[in-house]
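Structure, as structure tokens:
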Amino acid sequence: MVGIDLGTTNSLVAIVENGSPRVLGRGDERLVPSVVGLADDGKIIVGQAALNQYVLAPERTVKSIKRKMGSADTVQLGDRAYLPEEISAFILRYLKHLAEEVLNDQVDSAVITVPAYFNDAQRQATKRAGELAGLEVARIINEPTAAALAYGIERQQEQHLLVYDLGGGTFDVSVIEQQGDILEVRASHGNVLLGGDDFDERLLQHLLTELAKEHRYDFKADRKAMARLTRAAERVKIALSSAPYARAAEEFLTNYEGKIVHLNSEVGREEFERLIDDLLASTLDSIDQALRDAGLQPAQINRVLLVGGSTRIPAVSELINVKMGIEPSIELNPDEAVALGAAVQAAIVRGDKVNAMLIDVAPHSLGIAVAKILFGHLTEGSFKAIIPRNTTIPTTRAERFFTLTPEQDTVEIEVYQGESPICTENTAMGKFMLADIPPAEDADKLRELIVEFTYNLNGIVEVVARDRSGKRHESLTVSTTAGKRVASLPERQKHFTPELEREITQAVNSAAQIELDLQAHGKTKDAAKLNKARHTLEAAHHRGDENRARKSLEKLDDLLYDLEEREDE
Ligand code: AMP
């Protein structure tokens with residue numbers, strides 16, 4: 001029996017074998033686009049092949065059929081009209097055959113997932129789709145519940161989980177109450193028309209604006225050019241999840257009035273984040289709504305699980321971390337968590353044993369030493385993590401940094417491993433120099449460099465530093481011990497109670513803000529005092545030292561209180 005995630009954009013099939021869940025795929029093909037089309041020769045095609053023909057033959061290609069499930073809206077393919085469940089059945093049959101091919105065995109039954117907000121008609125239609133595909137549908141389960149199962153949430157625990165699912169075309173957030181073995185969706189909220197496609201669209205508009213600066217040509221009327229631009233936009237978006245800049249490049253995009261148009265445009269991560277800022281903010285409103293519906297405060301949520309490909313955008317986990325006061329879990333591949341959970345449910349139905357999932361993770365944060373000018377003083381030795389601990393490996397992450405002055409042309413990169421914001425409290429892994437960094441385009445500006453960490457499965461980490469153009473680059477290879485982490489472990493012990501976590505986040509945030517104000521008003525002594533108290537608290541927090549964290553929190557709160565009192569006088 002397999003587990004199937006029948007998604008709006010992509011679908012997947014997974015199985016539990018020898019106690020371990022895994023997604024089934026041919027080579028790299030694991031995500032099957034939820035697209036069905038009628039090929040030139042009159043045959044039905046599914047998945048990537050159907051998606052490929054979409055640009056050329058949209059009238060013969062069906063996308064996002066999931067949005068219509070449960071309705072009687074038919075879609076036309078050639079000379080036949082199909083019900084939504086009939087289209088979904090093509091996708092399910094494709095997945096069934098894929099699984100049979102990989103397993104070399106017959107597949108007769110499945111657990112299929114649906115969004116928590118699906119009503120009875122939508123669930124029934126999904127079940128019928130399974131039956132039409134020749135599958136006995138053992139269970140229909142909620143996607144957020146499946147995600148929780150994939151994370152192997154401990155039995156016998158009583159807790160609340162929040163599942164934040166941001167996919168290609170839909171967004172939803174669900175609050176799940178766990179009482180021992182029972183997982184129940186208490187509330188679910190979202191936007192069925194929000195997802196990665198909208199981020200691509202924002203980037204596409206940005207690229208069009210850039211092109212319009214140089215070309216007087218109506219790209220929007222050119223379907224082929226638009227399809228290539230949309231693809232380029234998605235690629236840029238994905239690249240920006242692990243790098244500070246990405247280039248959208250499409251050669252020979254089109255030609256007009258004898259001119260050839262090449263697309264070659266660089267986008268920065270910060271710029272991209274600004275483009276999608278309001279969309280991400282709207283997801284936070286849905287969190288509030290779901291919490292209200294469940295009658296819970298953010299502090300009552302014990303864990304946050306990230307699901308859906310778009311949660312790989314670093315700004316997403318950062319936002320949620322600040323909002324909820326806990327670090328969200330993203331160790332499982334967010335595209336796969338729901339399918340893996342469906343497979344776990346299938347194994348449970350069959351009475352099979354399921355082992356906890358082992359994932360390769362970076363056991364410690366890795367990063368570099370940075371110097372900051374705080375209150376006019378140079379403070380050296382702050383640690384900036386580039387690969388945070390528990391990041392699933394292999395991975396590549398890059399960040400940008402600046403020199404301290406426009407004249408500085410050499411930087412020493414010191415690599416550290418550990419959780420303290422202070423380098424000397426972490427383990428030094430090695431150092432190297434990047435010299436002859438060229439000046440910024442505007443010579444008055446700080447010179448820029450990019451530091452990239454690549455962590456492979458053997459625990460080997462390659463650190464590369466380069467200037468913006470990539471002309472100068474130097475690297476260092478260090479060796480760490482790669483760790484394995486059981487996906488089912490509750491958030492690591494460093495986590496304090498949600499209340500304490502929240503108080504720390506609040507105090508740290510207000511302190512940082514007030515430091516800036518004080519600095520702006522020339523009160524550097526107070527600012528430095530506050531800065532020190534804040535760092536002590538952050539260090540205790542990172543170390544998971546609850547006693548010290550409480551003490552430092554008290555001290556920081558006292559300081560903040562004193563400053564406010566004086567302000568009022
Ligand atoms: P899903 O529906 O969960 O398969 O999510 C698909 C969406 O995730 C698409 O919009 C993808 O472009 C997006 N996506 C996949 N990988 C990344 C990534 N690394 N960064 C940002 N978005 C991604």
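Both ligands and their constituent atoms are indexed starting at 1 by order of listing.
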Check your understanding: When you check the side-chain N and O atoms of Arg312 and Asn333, is any donor under 3.5 Å from an acceptor?
Key -> yes
Point to revise | From His206 atom NE2 to Leu204 atom CG, the distance as rounded to the nearest 0.5 Å | key: 11.0 Å
Check your understanding: With atoms numbered from 1 as shown, which atoms in ligand 1 lie under 4.0 angstrom from a non-hydrogen atom of Gly308?
Key -> 3 (O)
Exercise for review: Select one of side chain, backbone, both or neither to describe which atoms of Ser241 lie under 4.0 Å from any atom of ligand 1, heavy atoms only.
Suggested key: side chain
Study note, to complete from the structure: of all protein heavy atoms, closest to atom 4 (O) of ligand 1 is Asn10 ND2, 3.1 Å
Practice item. Counting heavy atoms only, name the option from Gly309, Ala315, Gly168 that's nearest to atom 23 (C) of ligand 1. Key: Gly309
Practice item. Would you mind reporting whether Ile4 and Leu135 have side-chain heavy atoms less than 4.5 Å apart? Key: yes
Revision key, fill the gap. Among Glu336, Glu234, Arg312, Lys237, closest by heavy atom to atom 19 (N) of ligand 1 is Arg312
**Study point:** Face-on cation placement of Arg26 at Tyr94 ring, 6.0 Å and 45° thresholds
**Key:** yes
Review point. Are Asp467 and Leu449 close enough that some pair of their side-chain heavy atoms sits under 4.5 Å apart?
Key: no
Exercise for review: May I ask you to list the atoms of ligand 1 that are less than 4.0 angstrom from any heavy atom of Ile313?
Suggested key: 21 (C)
**Study point:** ligand 1 contacted by Ser310 (non-hydrogen, < 4.0 Å)
**Key:** yes
Point to revise | Contacting atoms of ligand 1, where contact means under 4.0 angstrom from a heavy atom of Gly196 | key: 10 (O)
Review point. Can a donor-acceptor pair be found between the side chains of Ser329 and Tyr151 at a distance below 3.5 Å?
Key: no
Exercise for review: Kindly indicate whether the side chain of Leu103, heavy atoms from C-beta on, has any atom under 4.5 Å from the side chain of Glu17.
Suggested key: yes
Check your understanding: Would you say Ile238 touches ligand 1, if touching means a heavy atom closer than 4.0 Å?
Key -> yes
